[in-house]
Protein chains: 2
Amino acid sequence: MSALVSAALEVVEREGLDALSMRRLAEQLGVQAASLYWHVQSKEQVLDLLADELLDRVRTEALPADLDRVATGEVAWTDALTETAVNYRAFLRCRRDAARIIAGRFVGGISLARVLEPILGVLRAGGLSAHDAAYAVYTIIVYVQGFVLHESSPLSASNAEGMERSDALRGVKAAIGALPEDEFPHLAESVDALTEANLEERFRFGLDRLIDGLSAHVR
Amino acid sequence: MSALVSAALEVVEREGLDALSMRRLAEQLGVQAASLYWHVQSKEQVLDLLADELLDRVRTEALPADLDRVATGEVAWTDALTETAVNYRAFLRCRRDAARIIAGRFVGGISLARVLEPILGVLRAGGLSAHDAAYAVYTIIVYVQGFVLHESSPLSASNAEGMERSDALRGVKAAIGALPEDEFPHLAESVDALTEANLEERFRFGLDRLIDGLSAHVR
DNA sequence: ACCTGAACACCGTTCAAGT
DNA sequence: ACCTGAACACCGTTCAAGT
């Protein structure tokens, strides 16, 4: 990994993606901002390199080790797929702003290929056609990235001025509670589930439904 | 709708979200940038207002008119849900940068409540518990937003220099084709489905699997 | 081959001052 | 109640010039 990418990664990890400017990145490298343009074409390209590096870490850190044991019948393909998605979410959650960096752009490089290949293998072993496996892996990725993007998105400025996320959610809950119940009967019933702070269960619910649906599609 | 919000919406529609600066917005209103801060606390708040306005339009423009005919048994809940998701995607696709604006922040206001209420009604009529209906609507929203975010995301700077999206995809396809086939056998089989330019069918595939899974969960 | 200094055309935000 | 002018501390990017 180039010094530039590792410096960029360090800035993002310590100060967040919004703090990553060409000037800040140059400072991290002990160099002037203008110098970066000898190594790189634009800030966009820095973000591409960052996304590619993160994708590489997805492969080494988030892909379960036993994906190849699906083809041998030792592991159920639905379980392998679930574990992959759960690990991917965990990865995106723990590396600062990783979801924003990866989801915001489409880098069709070798790193993506290396991530997709084993997952496609799991789906093929599960009995999906090459066509459906492509669609399925895309769907899973979109769901996981969309979920993490949502759960780590800033709350609206109005209800988030330096607040804890859970406090802000309590505010939303209170606001829903104050709505006329005859106009919003279903919302009133579902408010607790909608404003839970722990999204673990919610993630699993959607993922399980999705994989159930894929499983039913094979039969 | 306030003049400020409608001006902001106009700038976004004509020049894109990236062109929306406080200075550009002020110009649109025939005023100095500093003046905006009498009406609004920050740019963040402008984006919140924008998201809220768009959510209001989701309700009036994207929610199917016959959602209440699910409760009477005239319309199948799965069909109503599918139509809602399809319409929502179409809405996000046709209003410039709407996905980025809405997905990027969580505005727990009345506009969101008005969107969620009828969808929750559909799910409740379909037999889901209040708890599961909450999870299900969240899952659908995450999937649709994640999908549109992905399909309208910029391609990496390296393969998108002023290129058409379809040309860039052809480039990705060629790159995958050049990979050693013994190392990437599944990718080689799935490359066509992965690099299709038309995402209509792909969207429906994931959505159908998801709603199938929800449907199976009820029984 | 790699870096600097200086500049250009921008940002979001604040604040005293105006009407 | 609403707006301006000027300023502050930033941006990404270019380019001649340095070593």
Side-chain angles (χ1 to χ4, degrees), chain A residues 1-52 96-97 100-101 104-105 107 153-163, chain B residues 1-52 96-97 100-101 104-105 107 153-163:
Chain A
M1 177 180 36
S2 72
L4 191 145
V5 173
S6 103
L9 219 46
E10 222 163 301
V11 172
V12 169
E13 229 143 275
R14 290 219 286 253
E15 302 166 39
L17 181 57
D18 293 331
L20 182 69
S21 66
M22 294 302 267
R23 286 170 152 94
R24 178 70 191 82
L25 176 54
E27 188 193 31
Q28 185 76 16
L29 288 160
V31 110
Q32 292 303 115
S35 313
L36 298 178
Y37 289 84
W38 193 91
H39 303 272
V40 112
Q41 240 179 359
S42 62
K43 185 179 178 181
E44 273 299 289
Q45 204 195 323
V46 173
L47 294 173
D48 283 352
L49 294 170
L50 227 35
D52 200 74
R96 171 112 91 135
D97 287 329
R100 278 171 69 196
I101 295 169
R105 61 203 53 251
V107 270
S153 78
L155 294 147
S156 67
S158 40
N159 53 22
E161 288 140 17
M163 238 186 261
Chain B
M1 178 178 35
S2 73
L4 190 145
V5 173
S6 104
L9 219 46
E10 223 163 299
V11 172
V12 170
E13 230 142 275
R14 291 219 285 253
E15 302 166 39
L17 180 57
D18 292 332
L20 181 69
S21 66
M22 294 301 268
R23 287 169 150 96
R24 179 68 191 85
L25 177 54
E27 187 192 33
Q28 185 76 15
L29 288 160
V31 109
Q32 292 302 117
S35 313
L36 297 178
Y37 289 84
W38 192 91
H39 302 273
V40 111
Q41 240 179 358
S42 63
K43 185 179 178 180
E44 273 298 289
Q45 204 195 324
V46 173
L47 294 173
D48 283 352
L49 294 170
L50 226 36
D52 200 73
R96 171 112 91 135
D97 288 329
R100 277 172 71 197
I101 295 168
R105 62 204 50 255
V107 269
S153 79
L155 295 147
S156 68
S158 40
N159 54 20
E161 286 142 18
M163 236 185 262

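Labels below follow one simple rule: chain letters A, B, ... track the order of the sequence lines, proteins then strands, and each chain is numbered from 1.
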Looking at every non-hydrogen atom in both residues, tell me the closest pair between [X] and [Y] and how far apart they are.
{"X": "A:Pro154", "Y": "B:Gly104", "value": "CD-O, 3.1 Å"}
{"X": "B:Leu17", "Y": "B:Asp97", "value": "N-OD2, 2.7 Å"}
{"X": "A:Ala8", "Y": "A:Val46", "value": "CB-CG1, 4.3 Å"}

Where along residues 3-18 of chain B does a heavy atom fall under 4.0 Å from DNA chain D?
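Result for residues 3-18 of chain B: none.
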Atom C1', compared across C:dA17 and D:dC2: separation rounded to whole Å
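These two C1' atoms come out 13 Å apart once rounded.
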Protein-nucleotides 12-17 of chain C N/O pairs closer than 3.5 Å?
{"from": "C:dG12", "atom 1": "OP1", "to": "B:Met22", "atom 2": "N", "distance (Å)": "3.2"}
{"from": "C:dG12", "atom 1": "OP1", "to": "B:Lys43", "atom 2": "NZ", "distance (Å)": "3.0"}
{"from": "C:dG12", "atom 1": "OP2", "to": "B:Met22", "atom 2": "N", "distance (Å)": "2.8"}
{"from": "C:dG12", "atom 1": "N7", "to": "B:Arg23", "atom 2": "NH1", "distance (Å)": "2.4"}
{"from": "C:dG12", "atom 1": "O6", "to": "B:Arg23", "atom 2": "NH1", "distance (Å)": "3.4"}
{"from": "C:dG12", "atom 1": "O6", "to": "B:Arg23", "atom 2": "NH2", "distance (Å)": "3.1"}
{"from": "C:dT13", "atom 1": "OP2", "to": "B:Tyr37", "atom 2": "OH", "distance (Å)": "2.6"}
{"from": "C:dT13", "atom 1": "OP2", "to": "B:Lys43", "atom 2": "N", "distance (Å)": "2.8"}
{"from": "C:dT13", "atom 1": "O5'", "to": "B:Tyr37", "atom 2": "OH", "distance (Å)": "3.2"}

Report the distance from atom [atom1] of [X] to atom [atom2] of [Y], rounding to the nearest 0.5 Å.
{"X": "A:Leu25", "Y": "A:Leu9", "atom1": "CG", "atom2": "CG", "answer": "11.0 Å"}
{"X": "A:Leu29", "Y": "A:Arg24", "atom1": "CG", "atom2": "CZ", "answer": "9.5 Å"}
{"X": "B:Arg105", "Y": "B:Arg100", "atom1": "CZ", "atom2": "CZ", "answer": "11.0 Å"}
{"X": "A:Leu20", "Y": "A:Arg14", "atom1": "CG", "atom2": "CZ", "answer": "12.5 Å"}

Under the side chain to side chain donor-acceptor pair (under 3.5 Å) rule, collect the residues that match up with A:Gln32, sequence neighbours excluded.
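With sequence neighbours excluded, A:Gln32 shows a side chain to side chain donor-acceptor pair (under 3.5 Å) to no residue whatsoever.
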Side chain to side chain donor-acceptor pair (under 3.5 Å) partners for A:Arg23, two or more places apart
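In terms of side chain to side chain donor-acceptor pair (under 3.5 Å), with neighbours along the sequence ignored, A:Arg23 is linked to no residue.
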By salt bridge (charged side-chain N to carboxylate O under 4.0 Å, His left out) - contacts of A:Arg96 (at least two apart)
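Once residues adjacent in sequence are excluded, A:Arg96 has no partner under the salt bridge (charged side-chain N to carboxylate O under 4.0 Å, His left out) criterion.
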Any side-chain N or O of A:His39 below 4.0 angstrom from OP1/OP2 of C:dC3?
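Yes, A:His39 has a side-chain N/O under 4.0 Å of OP1/OP2 on C:dC3.
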Starting at the 5' end of DNA chain D, write a dot or bracket for each base, bracketing those in Watson-Crick or G-U wobble pairs whose two distances are under 3.5 Å and using | for partners on another strand.
||.|||||...|||||.||
